[in-house]
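Structure first, commentary second.
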Amino acid sequence: MELVTIQEAAKVVDKSVHNIRDYIQRKRISKYNHKGEVIEKASNGELRVDLMELRAFLQLVEDREQHHHHAGLHAEL
């Protein structure tokens with residue numbers, strides 16, 4: 001596990017903080033406390049994400065988009 005704040009994660013993966021929050025809200029990635037425990041609700045400043053989990057999710061998204069593109073489908077679909 002590589003736990004980081006949302007702000008740090010956003011910088012590392014070149015996404016906005018809003019994107020990271022959206023992935024959490026849609027349960028694409030989990031949220032953790034500073035101890036590495038999965039949590040439902042975080043205290044102020046306690047919320048962390050696993051950078052490895054985030055990167056794996058983004059890789060799946062990219063792979064799916066590449067597959068979609070190579071299938072000759074419209075990029076916006």
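Predicted model only: the values in this text are computed from it and were never measured.
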(message) Tell me whether Val38 shares a hydrophobic cluster with Val49, the cluster being built from Ile, Leu, Val, Met, Phe, Trp, Tyr side chains joined at under 4.5 Å.
(response) no

(message) Counting C-beta onward and ignoring hydrogens, is there a side-chain heavy-atom pair between Ile24 and Ile6 closer than 4.5 Å?
(response) yes

(request) Look up atom CZ in Arg21 and atom NZ in Lys31, then write down how far apart they are to the nearest 0.5 Å. (result) 9.5 Å

(message) Surrounding CD of Gln7 (heavy atoms of other residues, nucleotides or ligands, distance under 6.0 Å), is the total greater than 12?
(response) yes

(message) Just to verify, what does Glu37 make a side-chain contact (heavy atoms from CB on, under 4.5 Å) with, not counting sequence neighbours?
(response) Asn33, Lys35

(request) Please identify each residue that fulfils side-chain contact (heavy atoms from CB on, under 4.5 Å) with Glu2, with sequence neighbours left out. (result) Asp50, Leu51, Met52, Arg55

(request) Determine the minimum heavy-atom distance between Ser16 and Ala10, stating which atoms define it. (result) C-CB, 3.8 Å

(request) Output every pair passing ring-ring contact (aromatic ring centres under 6.0 Å, His included) with a member in residues 16-60, not counting sequence neighbours, ordered by first then second residue. (result) Tyr23-Phe57

(message) Measuring only between side-chain heavy atoms, which start at C-beta, is Arg28 closer than 4.5 Å to Val61?
(response) no

(message) Looking at every non-hydrogen atom in both residues, tell me the closest pair between Gly36 and Leu3 and how far apart they are.
(response) CA-CD1, 3.4 Å

(message) Can you confirm whether Arg26 sits close enough to Asp22 that some side-chain heavy atom of one is under 4.5 Å from a side-chain heavy atom of the other?
(response) yes

(message) If I take atom CG from residue Leu58 and atom NZ from residue Lys15, how far apart are they, to the nearest 0.5 angstrom?
(response) 6.0 Å

(message) Please determine whether residues Val17 and Val4 belong to a single hydrophobic cluster, defined as Ile, Leu, Val, Met, Phe, Trp and Tyr linked transitively by side-chain heavy-atom distances below 4.5 Å.
(response) yes

(request) For residues Arg48 and Thr5, report the shortest heavy-atom separation together with the two atoms involved. (result) NH1-CG2, 3.7 Å

